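Heavy-atom basis, side chains included; hydrogens, waters and symmetry copies ignored. Quantities reported herein were computed from a predicted structural model and do not represent experimental measurements.
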Amino acid sequence: MGKIEWAMWANEQALAAGLIYLTGGIVGVAGQFRDWQFAAFGIAAGVFVCLLEYPRSKRSKGTSVERTGQYCFTVCVKAFGPLTSNYYVRALLHAALCVPGGFMLATVLGCVCLGIASLIYLSAAIHGEHWEPILHRKELSKRIGESIKEPPQNPPPRPPPEHRRKKADHLETAAYDNPMTVTVSE
């Protein structure tokens, strides 16, 4: 059984939590709920978490699938260095950001989800994981072109000789033999 990559799960959870937190903040501000200032903080925190969590990390094994348009966010997140690549820092950051969301009903769900993401990031940090950017590989396109130029090494599967089509030189022997008898009924 393989090693669980906790950071991958934390990233998905935190991105969803950021969106929920943002939505709850919008509802709280638009509805002018009591203590709506917490909802305004929820909007800011939700946007920040979404921007931080949108770029996926490179997996330790296997292929890493990046999100659409991830590259520009990856450059921004990578610029902050250890503040964003260390999962202990992310766990503490998410834990701190989720606290104000607990004071308002509209943002409680985002608060809980972000708290869960914080715990998953803490688990990832304990297991020694860290954020690593997915960088574009230029040699991949060269390898694709080379494989097209080379002919296949193995021939495709062929039918057994008795099922192959016979040459049309001899019309009587070129036809297939039908094992079923065919009768014409008029």
Side-chain angles (χ1 to χ4, degrees), residues 1-30 35-144:
M1 189 182 253
K3 178 183 148 189
I4 296 174
E5 293 188 35
W6 292 102
M8 181 179 69
W9 294 99
N11 178 262
E12 298 296 329
Q13 175 70 25
L15 183 60
L19 290 171
I20 294 168
Y21 209 6
L22 173 65
T23 305
I26 291 170
V27 168
V29 169
D35 296 330
W36 63 269
Q37 294 84 2
F38 290 115
F41 176 82
I43 292 172
V47 168
F48 175 74
V49 168
C50 288
L51 292 175
L52 177 66
E53 296 298 333
Y54 190 73
R56 286 184 176 143
S57 176
K58 184 177 176 183
R59 295 182 64 189
S60 59
K61 289 184 179 178
T63 57
S64 302
V65 179
E66 64 180 288
R67 289 189 172 100
T68 305
Q70 170 179 322
Y71 182 73
C72 59
F73 294 107
T74 302
V75 171
C76 296
V77 172
K78 185 181 173 186
F80 288 99
L83 289 176
T84 54
S85 64
N86 187 338
Y87 286 148
Y88 283 113
V89 174
R90 280 199 189 192
L92 289 173
L93 180 66
H94 290 333
L97 287 175
C98 80
V99 171
F103 294 109
M104 180 174 222
L105 184 60
T107 56
V108 165
L109 183 59
C111 163
V112 171
C113 291
L114 201 56
I116 292 169
S118 174
L119 292 174
I120 299 171
Y121 267 130
L122 182 63
S123 175
I126 290 170
H127 287 94
E129 298 179 38
H130 64 282
W131 188 81
E132 209 172 306
I134 300 174
L135 300 174
H136 296 287
R137 293 185 183 169
K138 293 183 179 177
E139 73 260 4
L140 184 64
S141 61
K142 292 178 185 176
R143 293 173 62 199
I144 292 173

Do [X] and [Y] come close enough that some side-chain heavy atom pair is under 4.5 Å?
X	Y	answer
W36	F41	no
D35	F103	no
T84	V89	no

Open item on the list: Is there a side chain to side chain contact (heavy atoms under 4.5 Å, CB included) between Y87 and L122? Walk through the geometry before answering.
Closed with: CA-CA 7 Å; Y87 286 148; L122 182 63; over 6 Å; no
Expected output: side-chain [X] to main-chain [Y] donor-acceptor under 3.5 Å:
X	Y	result
S57	E132	yes
Q70	R56	yes
E53	E12	no

- [ ] Assess whether side chain to side chain contact (heavy atoms under 4.5 Å, CB included) is satisfied between I126 and W6, documenting all intermediate values.
- [x] CA-CA 10 Å; I126 290 170; W6 292 102; over 6 Å; no
- [ ] List the steps, then state whether side chain to side chain contact (heavy atoms under 4.5 Å, CB included) holds for L97 with V49.
- [x] CA-CA 9 Å; L97 287 175; V49 168; 3.8 Å; yes
- [ ] Verify whether one side chain among N11 and R90 offers a donor that lies under 3.5 Å from an acceptor in the other.
- [x]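 The answer is no; no qualifying pair exists.
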Open item on the list: Other residues, nucleotides and ligands only: do more than 12 of their heavy atoms fall within 6.0 Å of OH on Y88?
Closed with: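 Counting other residues, nucleotides and ligands, OH of Y88 exceeds 12 neighbours.
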TODO: Give a yes or no on whether the ring-centroid distance for Y121 and H94 is below 6.0 angstrom.
DONE: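 Centroid distance Y121-H94: below 6.0 Å, so yes.
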